[in-house]
Colleague: 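The structure is given below, and queries will be raised subsequently.
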Number of protein chains: 2
Amino acid sequence: MPRAFAAGDDELVEAEHLIRDRMSGLNLDLLSLAAVSNVFRTATAVRNRMERDVLRPHRLSWSAFVVLFVLRIWGSQESRSLATEAGISGGTLTGVLDTLERKGLAMRQPVPEDRRRVEVALTPAGTKVVNDVMPAFNHEESLVTGDLTEDETATLASLLRRVLRTAEDLDGR
Amino acid sequence: MPRAFAAGDDELVEAEHLIRDRMSGLNLDLLSLAAVSNVFRTATAVRNRMERDVLRPHRLSWSAFVVLFVLRIWGSQESRSLATEAGISGGTLTGVLDTLERKGLAMRQPVPEDRRRVEVALTPAGTKVVNDVMPAFNHEESLVTGDLTEDETATLASLLRRVLRTAEDLDGR
DNA sequence: AAACTAACATTTGGGGCCGAACGATTTACC
DNA sequence: GGTAAATCGTTCGGCCCCAAATGTTAGTTT
């Protein structure tokens, strides 16, 4: 095993080498490619775990939970900001809110001074769901970062924060 | 501004503080929470950019491109391994392949010795699409990691690799 | 050889996802 | 004060997504 790779890394790194070999001639920035594609692969793997182990028992979709979570942390707000905050489109939010209202976890309220707008709030049942799910969610988070030291976990968060920041700035936000 | 945070970080860190304040009493592992939720937020932000700027002009969905990419790198293969490699379910792959075949980018071929199985291959047009899209994709990857040094980018890739590895091991793979 | 059993891809049903089109409302302008 | 423009949430069409059910085929047991 090459000394340059930490134990357990070689299998994943192999995929990156394969890409290099099959894509030579395209002059790719392999460092960025590895970092970004690992962001995607990690997000997918962890998300699949959480959907299966935490969300499915509660009959909750990923987006539905994100919406509940945003309402729990940032409080009641109108649809538009809620969609932005949850990272979904307005059209999608309509469907998600229909589902959440049907389950009695969130509620829409008219805004008196502007009849186009809608205020969305958590019901007590919705608040309870977030309070129940969050610890289970967080437990999964602890598990998957379990191989990292505290310093490394903090470094990971910080590096990702900078990538996220860069992506958002590029979008001219 | 606290010296501990790099410039531009405070806005994002604020969200993490807010979570701590609203969720005190739940005894959350905030370090893991920040790292993992930044994985999700970064993946979503970057993916949205790529879908909008790179994939949409080619009328390609994310999964459709991943399938093409896997075929390009790992070569023709049967449905089952293709679904696993692309990170989607078998049922989803059926639909994606229907779309890709309709567009002439991939093709299904019967496996002579076992009529249950199906071999999937890239068409020349499909190969061309991957070759065209990859550099644009990679350019976006370079952009969003542009604020990181080469060492930091390599560190990010390595830390994510370890989290991914841990998640896959937990799934008893 | 007949009957299980296992392994395929596909179909089905319910939901999520987006952009674009839509209708209702508010604001700005003349 | 009446019309035009902008801004809401919703609806619509097309695709993606999964788990579970389905039907076909191959392997295994008797």
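Convention: sequence-line order gives letters A, B, ...; per-chain numbering from 1.
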Colleague: Contact between A:Gln109 and A:Val118 at the side-chain level, heavy atoms closer than 4.5 Å - yes or no?
Modeller: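 They are not in side-chain contact.
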
Colleague: Tell me whether A:Leu31 shares a hydrophobic cluster with A:Met23, the cluster being built from Ile, Leu, Val, Met, Phe, Trp, Tyr side chains joined at under 4.5 Å.
Modeller: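 The answer is no; the residues belong to distinct hydrophobic clusters.
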
Colleague: Each nucleotide N or O in nucleotides 3-7 of chain C that has a protein N or O under 3.5 Å away: list the pair and distance.
Modeller:
unit_1: C:dA7; atom_1: N3; unit_2: B:Arg116; atom_2: NH1; d: 2.9

Colleague: When the distance from CD of B:Glu51 to P of C:dC17 is rounded to whole Å, what number comes out?
Modeller: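 Distance check: B:Glu51 CD to C:dC17 P gives 12 Å.
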
Colleague: Heavy atom of residues 52-66 of chain A under 4.0 Å from DNA chain C: which residues?
Modeller: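 Going residue by residue through residues 52-66 of chain A, the ones with a heavy atom under 4.0 Å of DNA chain C turn out to be A:Ser61, A:Ser63.
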
Colleague: Contact class for B:Leu93 vs. all strands (heavy atom < 4.0 Å): base, sugar-phosphate, or nothing?
Modeller: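 It contacts nothing in the nucleic acid.
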
Colleague: Which nucleotide span of DNA chain D, 5' end to 3' end, has atoms closer than 4.0 Å to non-hydrogen atoms of chain B?
Modeller: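 First and last nucleotides in contact are D:dC15 to D:dA26.
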
Colleague: Without placing hydrogens or testing angles, list every side-chain donor-acceptor pair under 3.5 Å for residues 54-74 of chain B, not counting sequence neighbours.
Modeller:
unit_1: B:Ser61; atom_1: OG; unit_2: B:Ala64; atom_2: N; d: 3.1
unit_1: B:Arg72; atom_1: NE; unit_2: B:Asn131; atom_2: OD1; d: 2.9
unit_1: B:Arg72; atom_1: NH2; unit_2: B:Asn131; atom_2: OD1; d: 3.1

Colleague: In residues 98-114 of chain A, which ones come under 4.0 Å of DNA chain D, going by heavy atoms?
Modeller: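 Contacting residues: A:Arg108.
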
Colleague: Of all of residues 72-79 of chain A, which get a heavy atom below 4.0 angstrom from DNA chain D, listed by number?
Modeller: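 Hits under 4.0 Å, by residue number: A:Ser79.
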
Colleague: Can you find a pair of side-chain heavy atoms, one from B:Val144 and one from B:Arg49, that are under 4.5 Å apart?
Modeller: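 Heavy-atom side-chain distance check passes, below 4.5 Å.
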
Colleague: Any pair with a residue in residues 89-128 of chain A that passes ring-ring contact (aromatic ring centres under 6.0 Å, His included), sequence neighbours left out, goes on the list, sorted by first then second residue, please.
Modeller: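 Sorted pair list comes back empty.
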
Colleague: Over how many whole Å does the gap from B:Leu82 atom CG to C:dA9 atom P extend?
Modeller: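 These atoms are roughly 10 Å apart.
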
Colleague: Heavy-atom distance under 4.5 Å between the side chains of A:Ser76 and A:Leu122, does that happen here?
Modeller: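 Heavy-atom side-chain distance check fails, nothing below 4.5 Å.
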
Colleague: Could you give all pairs that pass the salt bridge (Lys or Arg N to Asp or Glu O under 4.0 Å) test and reach residues 94-106 of chain B, with sequence neighbours left out?
Modeller: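 Residue pairs with at least one partner in residues 94-106 of chain B: B:Asp98-B:Arg108, B:Glu101-B:Arg108.
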
Colleague: Could you work out, with salt bridge (charged side-chain N to carboxylate O under 4.0 Å, His left out) as the rule, every residue matching B:Glu78, not counting sequence neighbours?
Modeller: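 Applying salt bridge (charged side-chain N to carboxylate O under 4.0 Å, His left out) to B:Glu78 gives B:Arg117.
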
Colleague: Find which nucleotide of DNA chain C each of A:Arg115 and A:Gly95 is nearest to by heavy atoms, and output the residue with the more 5' nucleotide.
Modeller: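 With A:Arg115 and A:Gly95 compared, the 5'-side residue is A:Gly95.
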
Colleague: Toward the 5' end of DNA chain D, which comes first, B:Arg47 or A:Arg117, by nearest nucleotide?
Modeller: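 Counting from the 5' end, the first nearest nucleotide belongs to A:Arg117.
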
Colleague: Are B:Arg165 and A:Asp147 within salt-bridge range, i.e. N to O under 4.0 Å?
Modeller: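 No salt bridge links B:Arg165 with A:Asp147.
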
Colleague: Would you please test B:Ser32 and A:Thr145 for side-chain hydrogen bond (donor to acceptor under 3.5 Å, both in side chains) and show each step?
Modeller: CA-CA 6 Å; B:Ser32 300; A:Thr145 56; 2.9 Å; yes

Colleague: In terms of hydrophobic clusters joined by side-chain contacts under 4.5 Å, are B:Leu18 and A:Val130 together?
Modeller: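 Yes; A:Val130 is reachable from B:Leu18 via cluster members.
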
Colleague: Can you list the residues that meet the side-chain contact (heavy atoms from CB on, under 4.5 Å) rule with B:Ser89, with sequence neighbours excluded?
Modeller: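 side-chain contact (heavy atoms from CB on, under 4.5 Å) list for B:Ser89, sorted by chain: B:Thr92.
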
Colleague: When you check the phosphate oxygens OP1 and OP2 of C:dC18, does a side-chain N or O of A:Thr92 lie under 4.0 Å from one of them?
Modeller: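 Answer yes for this pair, as a side-chain N or O of A:Thr92 is under 4.0 Å from OP1 or OP2.
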
Colleague: Provide, to the nearest angstrom, the distance between the CE atom belonging to B:Met50 and the C1' atom belonging to C:dC17.
Modeller: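 Those two atoms, CE and C1', are 19 Å apart.
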
Colleague: Taking the side chain as C-beta and beyond, is there a heavy-atom pair between B:Thr123 and B:Thr127 under 4.5 Å?
Modeller: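 No - every pair of side-chain heavy atoms lies 4.5 Å or more apart.
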
Colleague: Considering residues at least two apart in sequence or located in another chain, which fulfil the salt bridge (charged side-chain N to carboxylate O under 4.0 Å, His left out) criterion with A:Arg20?
Modeller: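 Salt bridge (charged side-chain N to carboxylate O under 4.0 Å, His left out) check on A:Arg20 returns nothing, list empty.
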
Colleague: If you define the side chain from C-beta out and look only at heavy atoms, does anything of A:Leu159 sit under 4.5 Å from A:Arg162?
Modeller: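 In short, these two side chains touch, coming nearer than 4.5 Å.
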
Colleague: Show every salt bridge (Lys or Arg N to Asp or Glu O under 4.0 Å) that has at least one partner inside residues 82-91 of chain A, sequence neighbours left out.
Modeller: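 Applying salt bridge (Lys or Arg N to Asp or Glu O under 4.0 Å) to every pair that reaches into residues 82-91 of chain A, excluding sequence neighbours, yields nothing.
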
